[in-house]
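Just follow the structure's listing: the first ligand is 1, and inside any ligand the first atom is 1.
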Amino acid sequence: MTDFKFTYATMFNPPETLHERYDQALAAQKASLGGEYAMFIDGRDVFAEEKFEDRTPINTEIVLAVMQKGNAEHAHQALTAARKAFPVWSRTPWQERVALLRRAAGLIEERLFRLSAALSLEVGKNRMEAIGDVQETADLIYYACDQMEANDGYIKPLGKDPLPHHDSTNISILRPYGVWLVISPFNFPFALTGGPAGAALVTGNTVVIKPATDTAWIVRLLVDCFRDAGLPDGVVNFVTGPGRTLGQALVDSPDVDGVTFTGSFDVGMKLFRDFAARNYIRPVILELGGKNPAIVSRHANLEEAATGIVRSAFGLQGQKCSAASRILIEEPVYDELTARLKELTEKLVIGDPTERNTFLGPVINQAAYDDFKHYAEELSQAGRFLTGGQTLNGEFAKGYFCQPTLAVDVPYSHPLWQHEMFLPIATIGKVRDLNEAMQIANSVNYGLTAGFYGTEEEAQWFFENIEAGVTYANRPQGATTGAWPGFQPFGGWKGSGSSGKNAGGLYYLPLYMHEQIRTLVRKK
Ligand code: NAD
C-alpha cells in the first residue's frame, strides 16, 4: 500500500491488500465479541451499576459489547479528573503534547483494520467508509499537530511600543481554556470524537468525551489509543450513558470551559441555549445537520453527475451530515439524468456491510428504521418513488435495512424538502434554470455542503452564490460528500455550524484557545 493514500475520494479503487487486511481483522474482531468495556476516568477503568448491550444493526441478535450506563455522578467524576489534570497538561511544552498526540495517531493507524472492522459492525458502515472514518481520525490529529508546529505553538511576538526611555515588548499567546467537553454523533464516531479531542488536547485542554449511545464501543477503542500513547491520567476521560441524563449533566456543569458538539440541530441549539444561561460566555463549537443540494446544469456531464449524486445520497445509507438529499436538475436534462440515477441506484448492493461488494448496510437503529417508514409513507402521498421506498425483509429481517430511495414530483412546498431525514432518501426536483435552482438550494435553514455539475464558468457562479461551508463542482467521487482534512476542511454556515471555521483546516485550532497579550516594560 506504499504509494496509495486513502481518502474518501480515492477509496473507490483500493489495492487488494486493503481488502485482505480488513478480512483478517474482521475475523479476529468477530472472534472476540461480547466483552464488557468500562468508562475511563482519571486513568482508571470505571464501571457503573447499570449496563447496556451494544448490538449490531446488521443483526440485532448479536451483542458486540456490554457498556456502562453512566449517570450524573460519573459526569462529575470525569470533570473533576479533567480539572485536576489541566494545570500540568496545559503547562507541558507544546512540543511534548505534539509528540504524544502523534504517537496516538500512529497507534490509530497501527490498529486501522481492527478498528475499521469494529466500526462496520457497530455503525453498519461498509468497509471503505469504515476505513475512512478511522484513517481520517489519524489525519485530523496529524493535521492539528502540524498546525501547532507551523504556528510555533501560537506564541507570536508583536511590535514594541514607541515609548521613550523604555523597552516595551509585547507577545500574543494563545492559551487553552481548561476542561473541554466533546460530544459526538453516531455516524462518524471515530473522526468526530478524535478530531475535536485531538485539537483540544494538542492545544493544552483536558477532555471529557461522551459518545452517542449507539457507538459507545468504538469510541472506547479510540480512548484506548490515547491511553496507550501515554497521555497522563485525567487528560482524557470517557463516560458513556444517555444523552438526556449523563450528557445533560455534563452540559449543565459549571466545570466545563468549552465544548465541541457534533450532532443534530435541535440538540445542538438546546446545548447552546443551556450554555448561555451562565455568568459568562464560554466557547461552543457546534457542527450540526445538513440538507445538502446537488445542482445539475443542462451543460453537465451527466454520467459524472449521476455517479457523484448516487454516492453522496446513499453512502452510509444517507446518514451523513453531508449527504446529497436535494437533487435539483435543469429541465432539458431532467429525464435523461433521472433515468440514469434510477439505474445506478438499483445497481447498488445492499447487505452485510462487512462484505466486500456491499455498498449499503443497515440504518443505525429501530428509531431510524421507523422514521424511514414514516417518511416513505409521507413521500408516497406527496409525490412518487423513482425507486425504493421499502424496508427489506427475508434474510435482512434481523437488521435495519432500507432501500435507497429517490422521490420525485414532491412539491417544493412540502416540509420534507426542508427537514433533514438522515436516511437513504433523496428528493429530486425539476428547475427551469440555474437561478431557480440556487434560490431553492439556499432556501433552507442549513448550509453545510453543496455540489454542482456544469461548465467551469457556471461553477464559479455556483461558488459565489451558494450558502454552504464545503462546496464541490464536477466531482464524480461524491457530489456533496467525501471531505478530507487538509484538502476539504469541514464545517457549515447558517444552522449547520456555529464557528464559521472548518474542522481540519487553517483556522480551527485557535477556536480551542483564548488569547493573552503579554506586555513587559523595562526602563532603559
Ligand atoms: P444527536 O443530536 O441525536 O446526538 C448527538 C450527541 O448528543 C450524542 O452523543 C447524544 O447522546 C448527545 N445528546 C443527546 N441529547 C443530549 C443532551 N440533552 N445533552 C447532551 N448531549 C446530548 O445526533 P446523532 O443522531 O447522533 O447524529 C446525527 C446528527 O448529527 C445529524 O443531524 C447530522 O447531520 C449531524 N452531524 C453533523 C456533522 C457536522 O460535522 N456538521 C457531522 C456528523 C453528524
Side-chain angles (χ1 to χ4, degrees), residues 52 57 67 69-70 72 75 122-123 125 129 133 136 140 181-196 208-216 218-219 238-253 256 259-275 284-292 315-325 363-368 371 419-423 444-449 468-470 480-483 485 488-505 508:
F52 65 92
M67 305 300 303
K69 196 167 179 180
E122 194 175 33
V123 183
K125 285 192 184 208
E129 294 280 0
D133 195 342
E136 182 188 3
L140 282 167
L181 177 60
V182 175
I183 300 181
S184 56
F186 79 82
N187 66 335
F188 286 85
F190 220 75
L192 297 179
T193 310
V208 174
I209 291 171
K210 196 213 84 67
T213 301
D214 286 315
T215 49
I218 190 67
V219 179
F238 165 75
V239 286
T240 48
R244 281 171 203 282
T245 51
L246 173 104
Q248 193 64 42
L250 290 166
V251 171
D252 290 341
S253 169
V256 174
V259 60
T260 305
F261 170 88
T262 313
S264 61
F265 178 81
D266 289 346
V267 177
M269 286 302 282
K270 179 179 177 332
L271 181 146
F272 187 75
R273 293 190 180 104
D274 290 349
F275 244 60
V284 182
I285 303 175
L286 300 175
E287 308 287 356
L288 306 177
K291 188 70 182 171
N292 311 295
L316 184 51
Q317 297 74 266
Q319 301 168 116
K320 293 187 186 179
C321 50
S322 55
S325 56
V363 300
I364 189 69
N365 56 27
Q366 184 75 48
D371 280 351
H419 180 75
E420 183 189 41
M421 291 181 267
F422 220 58
L423 286 164
V444 292
N445 201 33
Y446 294 111
L448 192 52
T449 72
V470 188
T480 59
T481 53
Q488 293 93 12
F490 195 77
W493 293 10
K494 295 157 75 179
S496 295
S498 67
S499 70
K501 306 292 177 293
N502 294 3
Y508 188 60

(message) Is it the case that over 12 heavy atoms from other parts of the model lie below 6.0 angstrom from the CZ atom of Phe52?
(response)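 Yes - once you tally the heavy atoms of other residues, nucleotides and ligands closer than 6.0 Å, there are more than 12.
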
(message) With a 6.0 Å cut-off (strictly less than), is the heavy-atom count around NZ of Lys494, excluding the residue itself, greater than 12?
(response) yes

If you count the atoms of ligand 1 from 1 in the order shown, which ones are under 4.0 Å from a heavy atom of [X]?
X	result
Val267	2 (O), 13 (N), 14 (C), 15 (N), 16 (C), 22 (C)
Thr262	5 (C), 37 (C), 38 (C), 39 (C), 40 (O), 42 (C), 43 (C)
Gly289	32 (O), 34 (O)
Ser264	1 (P), 2 (O), 23 (O), 29 (C), 30 (O), 32 (O)
Cys321	33 (C), 34 (O), 36 (N), 37 (C), 38 (C), 39 (C), 40 (O), 42 (C), 43 (C), 44 (C)
Ala212	8 (C), 9 (O)
Asn187	43 (C), 44 (C)

Can you measure from [atom1] ([X]) to [atom2] ([Y]) and round to the nearest 0.5 angstrom?
X	Y	atom1	atom2	value
Asp133	Leu316	CG	CG	8.5 Å
Ile183	Ile285	CD1	CD1	12.5 Å
Met67	Thr215	CE	OG1	9.5 Å
Thr449	Lys291	OG1	NZ	12.0 Å

(message) Tell me the nearest of Gly243, Gly247, Ser322 to atom 17 (C) of ligand 1, using heavy-atom distances.
(response) Gly243

(message) If you take the nearest heavy atom of each of Arg244, Lys210, Glu420, which one is closest to atom 32 (O) of ligand 1?
(response)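 Looking at heavy atoms only, the winner is Glu420.
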
(request) Check whether any N or O atom of Leu192, backbone or side chain, sits under 3.5 Å from an N or O atom of ligand 1, and answer yes or no. (result)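 N/O-N/O distance under 3.5 Å: no.
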
To the nearest 0.1 Å, how far is [atom] from its closest protein heavy atom, and which atom is that?
atom	result
atom 26 (O) of ligand 1	Phe186 N, 3.2 Å
atom 35 (C) of ligand 1	Gly263 O, 3.2 Å
atom 28 (C) of ligand 1	Phe422 CE2, 3.4 Å
atom 18 (N) of ligand 1	Gln248 OE1, 2.7 Å
atom 27 (O) of ligand 1	Pro185 CB, 3.3 Å
atom 21 (N) of ligand 1	Ile183 CD1, 3.8 Å
atom 7 (O) of ligand 1	Phe261 CE1, 3.2 Å

(message) Using a 6.0 Å distance limit plus a 45 degree cone around the ring axis, check whether Lys320 lies over the aromatic ring of Phe422.
(response)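 Geometry flag: not set, cation outside 6.0 Å or 45°.
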
(message) Treating Glu122 as the side-chain partner and Ile218 as the backbone partner, does any N or O pair qualify as donor plus acceptor under 3.5 Å?
(response) yes

(request) Look only at the side chain of Asp214 and the backbone of Phe186, and say whether a donor-acceptor pair between them is shorter than 3.5 Å. (result) no

Classify the contact between [X] and ligand 1 as side chain, backbone, both or neither, using a heavy-atom distance cut-off of under 4.0 Å.
X	result
Phe188	neither
Pro211	backbone
Leu288	backbone

(request) Could you check Ser499, Pro489, Pro196 and say which one makes a side chain to side chain contact (heavy atoms under 4.5 Å, CB included) with Tyr508? (result) Pro196

(request) For residues Met421 and Ser325, determine if any side-chain heavy atom of one lies less than 4.5 Å from a side-chain heavy atom of the other. (result)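 Contact flag for Met421/Ser325 side chains = no.
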
Can you tell me if [X] contacts ligand 1 (heavy atom of the residue under 4.0 Å from the ligand)?
X	answer
Leu271	no
Phe490	yes
Ser184	yes

(message) Under a plain distance cut-off of 3.5 Å, with no hydrogens placed, do Ser184 and Thr193 share a side-chain donor-acceptor pair?
(response)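 Side-chain D/A pair, Thr193 to Ser184: present.
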
(request) Check the side chains of Asn502 and Gln488 for a donor-acceptor pair under 3.5 angstrom, ignoring hydrogens and angles. (result)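 Their side chains do not contain a donor-acceptor pair, so the 3.5 Å distance test is not met.
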
(message) Would Lys270 and Asp274 count as a salt bridge (Lys or Arg N to Asp or Glu O under 4.0 Å) here? Give the steps.
(response) CA-CA 6 Å; Lys270 179 179 177 332; Asp274 290 349; 2.8 Å; yes

(message) I'd like to check atom 4 (O) of ligand 1 in this structure: does the protein have a heavy atom lying under 4.0 Å from it?
(response)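 So far as the 4.0 Å threshold goes, atom 4 (O) of ligand 1 is out of reach of every protein heavy atom.
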
